[in-house]
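Take a look at the structure below.
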Amino acid sequence: MTILPLTTLTDEERLFQAAAREFAEKEIRPHVSAMDRDGIFRRDLIAKFFEQGFMGIEIPEAYGGSGGSFFMAITAVEEFSRVDASAGVVIDVQNTLVANALLRWGNEVQKRAFLPRLARDTVGAYALSEAGSGSDAFALQTQSREDGNDYVLNGRKLWITNAQEAGLFIIFATIDRSLGYKGITAFLVDRATPGFTVGKKEDKLGIRASSTCELILDGCRVPRDNILGEIGKGYKVAIETLNEGRIGIAAQMTGLATGALEQALRYAKERKQFGEPIAEFQAIQFQLARLATDVEAARLMTYNAARLKDAGKPFLKEAAMAKYFCSQVAERVASECVEVFGGYGFTKDYPAEKYLRDAKIGKIYEGTSFMQLQTIAKFLLGSS
Amino acid sequence: MKMAVCLKQVPARDAVLRLNSDSTWVREDDVSFEINEPDIYALEEALRLKEKQGGEVVVCTLGPERAAQALKEALAKGADRAMHLHDPAFQNLDAYATARALAAAIRQAAPDLVLTGLQADDDGFAQTGVILAEMLSWDHSTIIMEIQAQERALKVKRELEGGWFQWIEIPLPAVLTIQSGINKPRYATLKGILAAKTKPLQRLGWKELGLDEESLKPHQKITKVFTPPKSGKVEWLEGTPREVAQRLADKLKNEARVI
Ligand SMILES: Cc1cc2nc3c(=O)[nH]c(=O)nc-3n(C[C@H](O)[C@H](O)[C@H](O)COP(=O)(O)OP(=O)(O)OC[C@H]3O[C@@H](n4cnc5c(N)ncnc54)[C@H](O)[C@@H]3O)c2cc1C
């Protein structure tokens with residue numbers, strides 16, 4: 001068996017990475033700063049994501065997708081996030097959470113109904129969190145009551161990424177609060193369902209272009225056929241999807257760190273003080289060298305977790321470690337990137353400060369850093 | 001219409017170039033490569049013609065092992081098959097010998113139309129396409145900015161100097177050299193990338209092409225490559241602000257050629 005270095009890409013992976021990078025540079029980059037300022041993700045850009053197949057990377061061709069691997073989805077998230085972490089999370093939620101959950105848990109009828117839409121023109125969102133339940137996700141309060149052949153959902157979801165643009169939502173609700181996590185059930189909900197509304201959009205520190213909204217479920221009637229997985233098994237759907245999703249966030253943070261480092265490198269070569277480019281000073285050189293080392297480590301952890309997943313091997317610990325570590329790296333690199341830019345880095349006229357604002361979310365969503373540490377510790381200590 | 005596109009892999013635009021030990025070329029081991037820019041436009045033009053009126057697009061490159069990447073990218077974008085002219089004897093060929101080898105491959109593929117880029121971004125000779133046409137005894141036209149296909153002929157728009165254009169009619173078979181900007185090249189999609197795996201990529205050495213060593217002898221040799229020496233030249237312009245501005249604009253345009 002020949003063992004290849006972790007960063008070795010197949011021909012297909014390399015071509016896809018290059019295409020994603022070129023697309024991000026030419027199509028996303030020109031809009032990044034306006035989208036950040038306005039807090040709006042351009043619809044025409046999302047249409048291009050669909051056109052180029054970035055919204056259905058892992059969806060098999062038989063369902064209208066591209067038929068790629070998890071690693072390829074990770075590659076696209078990384079390349080998009082190098083240019084804009086908001087663009088990164090748009091495709092991340094679509095591919096690693098929504099499409100992934102359907103592929104893993106959907107029955108054939110559901111796959112046929114929803115996967116082609118996700119690949120073609122429908123943005124997906126994943127709604128687990130509520131105002132009162134974040135880290136303690138399974139304390140959620142949204143209820144689903146059986147009524148004939150339907151389930152009627154009542155409650156509110158908070159912090160739902162892509163909600164503004166989405167047409168399809170995976171919503172977690174409980175059939176009976178007294179059952180605890182064993183009451184949790186996942187529903188596929190169309191945006192047009194009566195009783196379903198997308199509420200207030202958050203005004204955020206970072207990833208401002210990516211929409212984060214409240215969902216209001218008021219007598220929202222969902223056919224029984226739209227239950228994803230089994231009744232009472234929604235916790236499994238949530239846990240398993242998020243396990244993979246974490247690698248996506250690790251990729252987002254790796255891409256962001258790469259982008260920030262590139263900006264710092266370019267600026268250090270241009271900016272002159274004391275008669276020479278600041279890149280000539282050893283202090284700056286060492287700072288950049290340390291950051292580049294961090295980014296390399298982040299990428300290796302992300303790729304390893306993604307490769308483990310594609311190989312069908314256990315990856316939970318590695319995914320938690322990757323997300324935990326990469327979100328730290330992203331914040332550190334982005335923060336020091338601001339410093340390399342000096343006063344200019346502190347202003348919105350230069351790209352540095354946005355990377356720092358965008359990096360912060362990496363330690364929070366899809367499980368805070370403490371939650372990742374908890375997962376890692378369980379593996380170390382053998383408890384569960 | 002059956003079309004062939006000749007493309008070349010050149011050092012990436014953002015590559016940091018260093019000269020090799022005998023200053024005859026850049027050191028290739030530490031640069032990344034990409035498809036020559038005008039060739040990307042040529043490929044796109046061929047794919048669009050195919051989409052409009054059917055046919056086949058064959059891509060063809062002469063280059064070392066790494067050049068297969070360029071062909072795979074072209075296949076991923078929608079080309080139907082690829083020919084890789086790869087042989088130890090093909091090292092350091094000049095435009096003449098390259099065109100000779102390409103001509104042999106083109107005769108095998110027997111297309112109605114050959115598209116090449118206007119010139120290669122690395123050596124910038126702008127010769128290969130034209131010599132290729134001569135070797136095939138086909139008509140050719142250069143610096144093409146638009147193509148309109150007709151029955152057994154093409155109407156093409158050429159870019160001239162100073163913002164002028166020219167429309168000409170050219171019978172098929174023909175060779176056209178394509179200018180950057182003629183269209184908006186597509187990105188390879190993942191579907192296309194995965195589909196490319198099963199498309200034929202043929203590898204041809206000098207024997208398969210029916211060439212002999214004599215015909216590959218270079219007519220031209222690069223003796224030295226160097227970075228332009230920096231010269232500090234200062235010129236004072238005198239006169240009224242209007243005159244000075246006019247002369248400055250003239251110099252920037254016609255001497256420095258920067259505007
Ligand atoms: C921009 C954005 C997008 C989001 N997108 C989505 C989405 O698409 N879908 C979705 O379902 N959710 C989404 N979320 C929600 C996100 O997953 C939660 O915010 C996150 O899980 C944290 O929950 P919380 O905000 O309630 O914080 P809390 O759980 O209240 O945590 C507050 C603090 O307490 C710590 N803490 C909590 N419990 C423990 C413990 N047991 N031990 C030690 N420390 C602990 C946490 O680490 C944190 O530091 C998004 C959030 C944001 C901000």
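Under a cut-off of 6.0 angstrom, the local environment of CD in B:Q53 is crowded, with over 12 non-hydrogen atoms contributed by other residues, nucleotides or ligands. Counting heavy-atom neighbours within 6.0 Å of A:R112 CZ, excluding the residue itself, gives a total of 12 or less.
The most heavy-atom pairs under 4.5 Å with chain A, out of B:I193, B:L190, B:T189, B:L194, come from B:L190. The greatest number of non-hydrogen atom pairs below 4.5 Å with chain A, out of B:E73, B:K77, B:E34, is found for B:E73.
Using non-hydrogen atoms only and a strict 4.5 Å limit, the part of residues 5-22 of chain A facing chain B consists of A:D11, A:E12, A:R14, A:L15, A:F16, A:A19, A:E22.
Using a 4.5 Å cut-off between heavy atoms, A:Q52 touches chain B through backbone and side chain atoms alike.
A:K26 contributes atom NZ, which lies 5.5 Å from atom OH of B:Y187 (distance to the nearest 0.5 angstrom).
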